[in-house]
Structure formats: structure tokens, C-alpha cells
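In the text below, chain A, chain B and the rest are named by the order of the sequence lines, each starting its count at 1.
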Amino acid sequence: MPDYFYSLVDSTPILLKQLTVCSFEVISESEKINGRSISEYIRDYLTLDIDINRLFPSGFSEHYPELWKLLSGYFSLRILRQDFFETLITFMCAQGIGMHLIRKQVTMLCHTFGEKRSILFNGKSITLYSFPTPLSLAEADIVMLSRCTNNNRIRATNISRAARSFMDGALDPELLRNPHLPLPELRSMLCRNPGIGYKIADCIALFGLGRFDAFPVDTHVKQYLAYWFHSSNALKPLSPVRYLELDCEARTILNPDMAGYAGHLLFHCWRREIKKLRTF
DNA sequence: CGCCAGGACATTT
DNA sequence: AAATGTCATGGC
């Protein structure tokens, strides 16, 4: 019995049937996702154009043989080209708390402000909720929004403001998506929004803008930089200046143009193999 | 009970 | 520029 995963992609319900470790069959009732054919969309969404062999610099496997053995189990892991607004709001929910609470917040946001959709699977209907539209969050009542953000009023206010900035064009993904925009500049543009610091800005760039050079440094990344790459900087507490130093350091270890994509493999390898965490 | 979770921000030294 | 407090809550 193969594994099935159901999900909403750009508000379109799809079903993924796992064939092998890294191959899926996509099942959907609709012909297109967001105006594009399913296969074309999925290829882009799952970044199948990205060659995994290009992620790590030549000589990396010889330099870190024991790490390479652990890491080889993660070569089928993909970064997704996710929707900008969804990524923006989701990562604004991810400050200083565990994965469990982050997922709870996003789920509650979808249930409260998203639209109900369903997909037929094995004869029974599965109900899913889309991610809230920018308008629905821009108009959301702060108290109701707070109930979705772990009762954190400041976070709810920041999300509300970001949604309004998106609506009025101050936060324009088409502008931010410019591939010639240097990473530091992109980061500072995102950081103008209250509630977004260096780390969240880099996450939005990496997952929501397809900037695979963006390298978010969080508590786990800090830990593996110290443990696997013997970074003395990573042992000290994280400050804004040290964030930029670690970002710079990572680019000497990994390919600068793919540092974030490679870092994501290292991130999950660290969490599962060393920390023994089971949550994705 | 204490500490850590995919941090940001204001305030104090 | 480094340290501390605050926001919040669930899991271990």
C-alpha cells in the first residue's frame, strides 16, 4: 500500500501518491494549477530543475566524510517554491517557539480565515482549508487574529500590518523577485516590516522568493555550524552582527549561490540524525 | 520546576 | 555592541 499525501497547492487540492523514495504521482481533479498544467507547475513547485549535485562544493564529501554519510539520506529533500504571501505570514509565526506551536498557528489561521475546499479520496471527502487571502488578513479583527497567533497580540498586529502592506503595494513580491537584487538589499527591504528580522527575512527569500542563496541562521543552524564545521562564532549567543558573520562563514563552506538550499538539507539532517526530532 | 523551541524588539549597561 | 527583559505556550 503506497503512501498518499493530500495538500492544497495554490488553493488547488492535489493528492500525491508516493511511488519510490523520490518519485510521486500527482492526482488532481482539476487540469491546471494557477493557470498552468499540473506537471509544469509541480516541476517548478518541487524545484525539480535544481541539480542536487550542484548544492555542495567539490571536495565537500572528502572534507566531511562522516557528515556526508549522514547527509546522503537527505538528497531527495526538496525546497519548495512556495507562494510569497503564504511564506511571509507563516514565517512571521515562527519566532522563538517550537514547530508544534508554529503548525498550530498556521492551521488555525487557515481554519479561521481560509476557504473550505474538499478532495475526493477513496470514496470519502477530505476537507482542507486554503491559506487566508491577503485581504482576509488585512481586514481581520486583531482579537480574532491573536487567537490564531498563540495569543501573541504583537505578532497579530505585525501580521495585520504586513497584509495591509501587501494590499497597498508597499510589500510587492514582483519587485522583491528581481534576481539581480543583492541579498543584503532584499533582506533590508523585508526587514522594514515590523516583526521581520534577519532570520525571517532570509526564510521568506529562500522559501517564498526562490532565492536559494539566502541562508537563514536559526538556533539549529547555529548548533550544526559549531558541531560539524567547528565555528567558534556559532558557540556564542546570536546577535545581529554575529548573524551576518555566520551567514558569511557559511558561504565559505557551501556554494554561495546555493547556500540556503544546501543549508536546508543540513538543517533537517541535524534535527533528525543528531537531535532525534521527528517533526518536520 | 527549568529550559528550550526554525526570534524580534525595546531598554539598559 | 553586548547583555537583559518581554512576549507566549507546549513538551520534555
How close or far is atom [atom2] of [N] from atom [atom1] of [X], stated in whole angstroms?
| X | N | atom1 | atom2 | value |
| --- | --- | --- | --- | --- |
| A:R278 | C:dC12 | CZ | P | 14 Å |
| A:I154 | C:dG5 | CD1 | P | 17 Å |
| A:N150 | C:dG11 | CG | P | 11 Å |
| A:R242 | C:dA2 | CZ | C1' | 8 Å |

Taking atom C1' in both B:dG6 and C:dA3, compute the distance separating them and give it to the nearest angstrom.
23 Å
**Prompt:** C:dG5 and B:dG2: how far apart are their P atoms, nearest whole angstrom?
**Reply:** 15 Å
Is any side-chain heavy atom of [X] closer than 4.5 Å to a side-chain heavy atom of [Y]?
| X | Y | value |
| --- | --- | --- |
| A:L206 | A:F212 | yes |
| A:K236 | A:E245 | no |
| A:I97 | A:Q105 | yes |

Once base and sugar-phosphate atoms are separated, protein heavy atoms under 4.0 Å mark nucleotides 1-13 of chain B, 5' to 3', with B, S and - as ----BBBSS----
Start with the C-alpha distance between A:F75 and A:W68, add both sets of side-chain angles, then the distance that settles ring pair (Phe, Tyr, Trp, His ring centres under 6.0 Å), and finish with yes or no.
-> CA-CA 10 Å; A:F75 290 156; A:W68 193 253; 5.1 Å; yes
Checking A:R43, A:R54, A:R81, A:R78 against A:D49 for salt bridge (Lys or Arg N to Asp or Glu O under 4.0 Å), the one that qualifies is A:R81
| Between A:S160 and A:R164, do the side chains contain an N or O donor and an N or O acceptor separated by less than 3.5 Å? | yes
(Q) Can you tell me if A:K104 touches the phosphate of C:dT9, counting only side-chain N or O atoms and a distance under 4.0 Å to OP1 or OP2? (A) no
